[in-house]
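One structure below.
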Amino acid sequence: MTHNEHRLMGCSSDEEPGAGTMIFPQIGSHDQAVSNRSSEFIRRYFPLTNVTSWNDWRWQLRNSFTTAEALSRVMTLTDDEKNTLHRLKNRLPLRVTPYYLSLIYDSEPGAPLRRTMIPTSGEMIITEAEKADPLDETGSSPVPGIIHRYPDRALFTVTQFCSSYCRYCTRSHSVGKLGHLTKDEWEIAFRYLEEHTEIRDVIISGGDPLTMNNKKLEYLLSRLRSIKHIEILRIGTKIPAVLPQRITPQLVSMLRRYHPLFLSLHFTHPDELTKETRRACEMLADAGIPLGSQTVLLKGINDYPATMKDLMHKLLTVRVRPYYIYQCDLIPGSSHFRTTVETGIDIIENMRGHTSGYAVPQFVIDAPGGGGKIPILPSYVVESGPEKWVLRNYKNNRYTYPNKK
Ligand SMILES: *Cc1c(COP(=O)(O)O)cnc(C)c1O
Ligand code: SF4
C-alpha cells in the first residue's frame, strides 16, 4: 500500500456483499435497527438519508462533523465552544461521527459525552506539568510506529486517524495529524517485531485501527500471525462506542480467523451503551473475541462511583470485562479533565466487595515520563510482617492471616 492509500484507508471498497467467509451465519443475524435517538436525529437533520446509508460506516466517516459551522447546523453551541473550535489550529482537530453526535446534539453544555468531543476553553489552559508526549512514548520507540516499553509485549500504532477525537486523548500530539507510516516504515516495524523474539503480545493501536478497511486490517493481522513467537494479538479501539456500524458480519468473520485475538474497547460513560453499541459488542463476543474495556477517569464526566459502577455493569451485560481505569494523563490542556488520585481510589473502594469482581477494573496511573502502568489500590493491608498480615475487608472489618514461615 502506498502512503496515500494508507491515509485514505477506510474509503476504498472491500466490503461488497458476500466478502469474507461466513462460518457462523448467526453472527450476521443481529438486528441492525436504529435507536430512537438516532432515528429522531436522522429525521431532523438527514431527511434525505435512508437507514441503509446511515448504517454504512463509510457514510458515517464521510459525513462526520469536523467544523463549528457543521455542528451549528444541528446543535446550539455555547460561545465558549464556538470560540475554542475556531482556535484548534495545530491542535487535536474536531471530528465526531453523525452516530455519536446523535447522542450529544440535544444535550446541555457540560453533559458528559458532549464534553468529551466538543472542545471548551479549558483546553487552552496549559499547566506546568503537562507535556505533548507525557508518557515519553517517543523515548520507547525503537522504530516509527513501535512502542516497546515492557519486556514481552509491544504496541504498534498503525494509524493516526480516529472516527471521533476524544478531547483528552493521550496521543493528541500525533493523533489526528499527518505523518502516517509509509509502506517502508510498515516493513521496518514488522521486521523489528520479527527480530525481537521476546515479543509474545502485540497491541495494535493508533489512532483507531478499526478505521482501516478490512483488506488492510487483514494484511496487518496475517503479517503479524506469520511471526511465530507472537502468541496473542490485541486491538485497541473506540469503534464500538463511536462507530458501531463498523462492526459488520464481514469484519467479524475476518477477525475471528486470527485468534487468539483480544479487543480492548474504550468506553467513557454509560450513555454510550446504546442498542447499536450493544449489538456491536455482542457480535464481537459471539465471534469468540475476549473483550476488555479501558476508561479514562474524567472530572465531572465519570468520576462518580455510581456512574462508573453503572458503566461497568452495563459492559458486563454485553460480555465486556472491565480491564483498566486510567488516571488522566498530563497532556497539554487537560487540567479541566483531571481529577485526584483519591477519586479513583474511592471508585474502586466502592466497587470491590460491593459488586461482582468481574465488574472491578484495575485503577492505574501510566507513569509520567514513561514508567508504564502502575496499579493503585485502596490500602487493604493494615499491618504486615513475618508473623501475620492484618487486613481489612470492604466493610472495614479486620482480619488476621497468620503468615507461614
Ligand atoms: C498499555 C501498554 C501496553 C499493554 O499493557 P498491559 O498492562 O499488558 O495491558 C503495552 N505497551 C505500552 C507502551 C502500553 O502503553
Ligand atoms: S479513540 Fe483513542 S486514539 Fe482516538 S482520539 Fe480517542 S483516545 Fe485518542
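Note that ligands are numbered from 1 as they come in the structure, with each ligand's atoms numbered from 1 the same way.
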- Task: Please list, by chain and number, the protein residues whose heavy atoms come under 4.0 Å of ligand 1.
- Result: Ile147, Tyr150, Arg153, Leu155, Ile203, Arg234, Tyr323, Tyr324, Lys373
- Note on the structure: Under 4.0 Å from ligand 2, residues with heavy atoms, in chain and number order, are Cys162, Tyr165, Cys166, Cys169, Gly207, Lys238, His266
- Task: Could you tell me whether Phe156 and Trp186 have their ring centroids closer than 6.0 angstrom?
- Result: yes
- Message: Would you call the rings of His148 and Tyr192 parallel, tilted or perpendicular, taking 30° and 60° as the class edges?
- Response: perpendicular
- Message: Just checking Trp57 against Tyr99, ring centres under 6.0 Å apart?
- Response: no
- Please step through side-chain hydrogen bond (donor to acceptor under 3.5 Å, both in side chains) for the pair Ser35 and Glu276, ending with a clear verdict. CA-CA 7 Å; Ser35 63; Glu276 289 89 337; 3.1 Å; yes
- Taking the six-membered ring of Phe262, is NZ or CZ of Arg234 closer than 6.0 Å to its centre and within 45° of its axis? no
- State, yes or no, whether a side-chain contact exists between Glu272 and Leu113 at a heavy-atom distance under 4.5 Å. yes
- Query: Salt bridge between Arg225 and Glu218, side-chain N to carboxylate O under 4.0 Å?
  - Reply: no
- Item | Validation row: Leu311, His269 side chains within 4.5 angstrom (heavy atoms) | no
- Assert yes or no for the condition that the ring centre distance of His180 to Phe161 is strictly below 6.0 Å. no
